[in-house]
There are 2 protein chains.
Amino acid sequence: MRVSAKADYAVRAVAELAASPDGPVKGERLADSQDIPLQFLEHILLDLKHSGIVRARRGAKGGYWLAKPADEVSIADVIRAVEGPIANVQSAPPESISYKGSARELQNVWIAVRASLRDVLESTSLADLVSGDLPANVRDLADDKDAWAPR
Amino acid sequence: MRVSAKADYAVRAVAELAASPDGPVKGERLADSQDIPLQFLEHILLDLKHSGIVRARRGAKGGYWLAKPADEVSIADVIRAVEGPIANVQSAPPESISYKGSARELQNVWIAVRASLRDVLESTSLADLVSGDLPANVRDLADDKDAWAPR
DNA sequence: TCATTCCTGATTTCTTTACTAAACACGTAG
DNA sequence: CTACGTGTTTAGTAAAGAAATCAGGAATGA
């Protein structure tokens, strides 16, 4: 139930791209501005390119840019591109698992977990993230004081 | 963003305990009824004991039982006992991270992610799980047809 | 051509996961 | 009071994954 460094880096990098709409941004500048190791970041950007979120050009004046408008890319898209499916249980999607005995209802709980993650991550676009104008459901969750308390 | 085998096993084991309110249940029976490797399960039960969710007695007629009523133990409690905090980012709690530049709002997103996970996992008790009578908010999420579709 | 920049696979280091083995400690029955 | 059936604890390990790093190749523009 944790967010990996890779996913965190990926979201930060594309946020930086979303905030730089004019022309390509060099990997090095992305790495600098978000404190991400350059070579690791380049692998991540390659993943993002393969899944069509980012485009790139080499050579002088080269760099990376978003392949789509920032309001058409969700955070969920970015995480899936680098980590695969969200909210797997034991590396299998929750709808494919079946439990027996007293744990029979557990599948519904994992499905609900995944649905609630999707509610947040699919509704938030890169444009929302960069503008600070988060969707109402996300803002409501984050504004709750309890949400900031550790456990 | 995945649920580990350890967490899955832990929840299933305590569900089995919640369904057996009379006297101790042997580790072997838990392992059998839920298809969990016995020795691994005993490690898990030890974690659960240390955090006060389970109690145990050795010797003939020994076994494990819930330390508290099943409606006072949430799935979140069980997961925290074996995995530590829910929804950490890069092994740190989201409220302790600070982002710069275009990623500044990302902290709010991770806080919202954690809050939505808590909404599901803290509201569901072992009693709910065993009876199949999940809380309304969880049931609503799981009943949505989209929730069962892979992505 | 040449500097610049992305592209890619191999390798490394470290941690976690998932599990096994075996000695040890304790409680109950006989 | 002893033996046996339990749980407790320590130790260890193979395999996978996470997080980088290294070293070079391939495209682009000047």
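Note on naming: letters A, B, ... go to the chains in the order of the sequence lines (proteins, then strands), and numbering restarts at 1 for each one. Reckoned from all heavy atoms, side chains included, excluding hydrogens, waters and symmetry mates.
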Could you run down the sub-3.5 Å N/O contacts of the protein with nucleotides 3-6 of chain D?
residue	atom	partner	partner atom	Å
D:dT6	OP1	B:K26	NZ	3.3

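- Residue B:K6 places no side-chain N or O under 4.0 Å from the OP1 or OP2 atom of C:dA18.
- Taking atom CG of residue B:L41 and atom P of nucleotide D:dT8, one finds them 11 Å apart after rounding to whole Å.
- Remark: P of C:dC7 and CG of A:L45 are 8 Å apart, rounded to the nearest angstrom.
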Quick one, B:L45 with B:L30, criterion side-chain contact (heavy atoms from CB on, under 4.5 Å). Give me CA distance, side-chain angles, the key distance, then yes/no. CA-CA 10 Å; B:L45 288 165; B:L30 293 175; 4.1 Å; yes

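- Note: CG (A:L48) to P (C:dC6) measures 14 Å, nearest angstrom.
- Here the closest heavy-atom approach between residue A:V113 and residue A:S116 is recorded as O-OG, 3.0 Å.
- Without hydrogens or angle criteria, B:Q107 side chain to B:I97 main chain gives a donor-acceptor distance under 3.5 Å.
- Distances shorter than 4.0 Å separate some side-chain N or O of A:Y9 from OP1 or OP2 on D:dA20.
- Judged by distance alone, the side chains of B:S74 and B:E122 never bring a donor and an acceptor atom under 3.5 Å apart.
- In this structure, NZ of B:K49 is placed 10 Å from C1' of D:dT9, rounded to the nearest angstrom.
- Judged purely by atom type and a 3.5 angstrom limit, B:R114 uses its side chain to pair as donor or acceptor with the backbone of A:A147.
- Judged by distance alone with a 3.5 Å cut-off, no donor-acceptor contact links the side chain of B:H43 to the base of D:dT8.
- Distance, A:Q39 CD to C:dC6 C1': 12 Å, rounded to whole Å.
- Between A:E42 and A:S4, the residue anchored closer to the 5' end of DNA chain D is A:S4, taking for each the nucleotide with the nearest heavy atom.
- One interatomic measurement links the two molecules: CZ of B:F40 to P of D:dT9, which rounds to 17 Å at whole-angstrom precision.
- Between A:Q90 atom CD and D:dG17 atom C1' the separation is 16 Å, expressed in whole Å.
- In this structure, CG of A:L46 is placed 16 Å from C1' of D:dA19, rounded to the nearest angstrom.
- Using a distance-only test at 3.5 Å, with no hydrogens or angles considered, a donor-acceptor pair links the side chain of A:S125 to the main chain of A:A127.
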Test log, rule side-chain contact (heavy atoms from CB on, under 4.5 Å), inputs B:D8 and A:L106: CA-CA 9 Å; B:D8 189 50; A:L106 188 51; 3.7 Å; yes

